[in-house]
> 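One structure, pasted below without further comment.
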There are 2 protein chains.
Amino acid sequence: MARNRPYTCGLDAAIDVVGGKWKATVLWMLEDQGPLRFGELRRRIPGVTEKMLVQHLRELESDGLVHREAYHQVPPKVEYSLTDYGRTLELALRPLGDWGHANMARIEATHA
Amino acid sequence: MARNRPYTCGLDAAIDVVGGKWKATVLWMLEDQGPLRFGELRRRIPGVTEKMLVQHLRELESDGLVHREAYHQVPPKVEYSLTDYGRTLELALRPLGDWGHANMARIEATHA
DNA sequence: TCAAGTACTGACTATATTGTCAGGTACCCA
DNA sequence: TGGGTACCTGACAATATAGTCAGTACTTGA
């Protein structure tokens, strides 16, 4: 989104971190449904492509929000989970998620 | 951002509404500093162009979050303020803003 | 031997969002 | 007559973000 650093307000910074098309959903899935494998995430997020999922996971990881655990097996197994830091974000995100949930119909109706 | 409707979760819907580059800042300004004129907003948000400000204000208005009051004067005077609906969003956004504020340094350091 | 599952990578393309720039109306002040 | 203020609009260009598609390595099951 080509955000302006230094940020004008905390909100700006937070949305920068969580603003990708699938990031909020990933965070929500990982909090709600525990550690998940790559393929599980892909199947649970309808419409996401492998490429975008990898890319967003990498970003969330380098932001320290998500932990990636690779098991050296064949076939490969990789598990993603929230870090403690990630959980603090999930917590801060919850009221917004509730707001969106409560106003979903209105948002879908008015937001072109 | 070409979001997916119907939304996967409330968070998705909420970020769709608040995800523009300057929208969160506008909402925050209007809540924090009361009704503001167009020019006041522009001066308070460093880096925003008139075009983007108008565009985002129009979207926030058509989403029912912001109220636009035009005074038929010369020179023109237009005041923007939050609607009640907009205030509920601001409220839901606050924990996220606090999170961003608290972790600003970390975000700036890690988020490329 | 061929297909399928697993977790990816990378080149290329498409779309969405943002920015630049010029202009437009109406008035006041010098 | 020429600025300055105020609130915009629209054409066009630039950038950012997302999507498509092919391909990797290895192994199990048919």
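Reminder, nothing fancy here: chain letters follow the sequence lines and each chain counts from 1.
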> Given side chains that start at C-beta, do those of A/T83 and A/V66 come closer than 4.5 Å, heavy atoms only?
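Sidechains of A/V66 and A/T83: no contact.
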
> Does anything in residues 23-34 of chain B form a salt bridge (Lys or Arg N to Asp or Glu O under 4.0 Å)? List the pairs, not counting sequence neighbours.
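Applying salt bridge (Lys or Arg N to Asp or Glu O under 4.0 Å) to every pair that reaches into residues 23-34 of chain B, excluding sequence neighbours, yields B/K23-B/E59, B/E31-B/R94.
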
> I need the CD-C1' distance between B/E40 and D/dC7, as an integer number of Å.
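To the nearest whole Å, that distance equals 13 Å.
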
> Check the interface with nucleotides 24-30 of chain C: list each N/O to N/O pair with the protein under 3.5 Å, or write none.
none

> Does a side-chain N or O from B/K21 land closer than 4.0 Å to OP1 or OP2 of C/dG19, or not?
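B/K21 to C/dG19 OP1/OP2: side-chain N or O found under 4.0 Å.
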
> Could you tell me which residues satisfy side-chain hydrogen bond (donor to acceptor under 3.5 Å, both in side chains) with A/D63, sequence neighbours excluded, listed by chain and number?
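Testing A/D63 for side-chain hydrogen bond (donor to acceptor under 3.5 Å, both in side chains), a comparison that skips the adjacent residues, returns B/H111.
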
> Applying side-chain hydrogen bond (donor to acceptor under 3.5 Å, both in side chains), name anything that partners A/R106, two or more places apart in sequence or on another chain.
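side-chain hydrogen bond (donor to acceptor under 3.5 Å, both in side chains) check on A/R106 returns nothing, list empty.
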
> Once you round it to whole Å, what is the distance between C1' of C/dG19 and CH2 of B/W22?
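Taking atom C1' of C/dG19 as the reference, CH2 of B/W22 is at 10 Å.
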
> Does any pair with a residue in residues 65-83 of chain B pass salt bridge (Lys or Arg N to Asp or Glu O under 4.0 Å), and if so which ones, sequence neighbours excluded?
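Sorted result for residues 65-83 of chain B: empty, none.
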
> Any pair with a residue in residues 38-48 of chain B that passes salt bridge (Lys or Arg N to Asp or Glu O under 4.0 Å), sequence neighbours left out, goes on the list, sorted by first then second residue, please.
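For residues 38-48 of chain B, and leaving out neighbouring residues, the salt bridge (Lys or Arg N to Asp or Glu O under 4.0 Å) pairs sorted by first residue read B/R42-B/E50.
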
> Atom CG of B/L36 and atom P of D/dC7: how far apart are they, to the nearest Å?
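Nearest whole value for this atom pair: 11 Å.
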
> May I have the distance from A/K77 (atom NZ) to D/dT27 (atom C1'), rounded to whole angstrom?
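One finds 17 Å between C1' of D/dT27 and NZ of A/K77, rounded.
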
> Mind checking salt bridge (Lys or Arg N to Asp or Glu O under 4.0 Å) for A/R37 and listing every partner two or more places apart, or none if nothing turns up?
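So A/R37 forms no salt bridge (Lys or Arg N to Asp or Glu O under 4.0 Å) with any residue.
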
> For the pair made of OH in B/Y71 and C1' in D/dC8, what is the distance, rounded to whole Å?
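So the OH-C1' distance, B/Y71 to D/dC8, works out to 18 Å.
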
> Measuring only between side-chain heavy atoms, which start at C-beta, is B/V48 closer than 4.5 Å to B/V26?
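No, side chains not in contact.
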
> Among residues 43-62 of chain A, which residues get a heavy atom nearer than 4.0 Å to DNA chain C?
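Heavy-atom cutoff 4.0 Å gives A/R43, A/E50, A/K51, A/V54, A/R58.
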
> What is the distance, rounded to the nearest whole Å, between atom CD of B/E69 and atom P of D/dA6?
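After rounding, the reported distance stands at 19 Å.
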
> Using the ring-ring contact (aromatic ring centres under 6.0 Å, His included) rule, collect all pairs that involve residues 66-90 of chain A, keeping only residues at least two apart or in two chains.
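Qualifying pairs, neighbours excluded: A/Y85-B/W99.
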
> In this structure, how many angstroms lie between the C1' atom of D/dC7 and the CD atom of B/E79, rounded?
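Nearest whole value for this atom pair: 14 Å.
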
> How many Å lie between CG on B/D16 and P on C/dA16, as a whole number?
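Distance check: B/D16 CG to C/dA16 P gives 12 Å.
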
> For C/dA7, does OP1 or OP2 lie under 4.0 Å from any side-chain N or O of A/R37?
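Looking at the OP1 and OP2 atoms of C/dA7, one of them is under 4.0 Å from a side-chain N or O of A/R37.
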
> Within the 4.0 Å heavy-atom criterion, would you say A/Y80 contacts the bases, only the backbone, or no part of the nucleic acid?
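The answer is sugar-phosphate, as A/Y80 gets under 4.0 Å only of primed atoms, P, OP1 or OP2.
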
> Would you say A/R42 places a side-chain N or O within less than 4.0 Å of OP1 or OP2 belonging to C/dG5?
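A/R42 to C/dG5 OP1/OP2: no side-chain N or O under 4.0 Å.
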
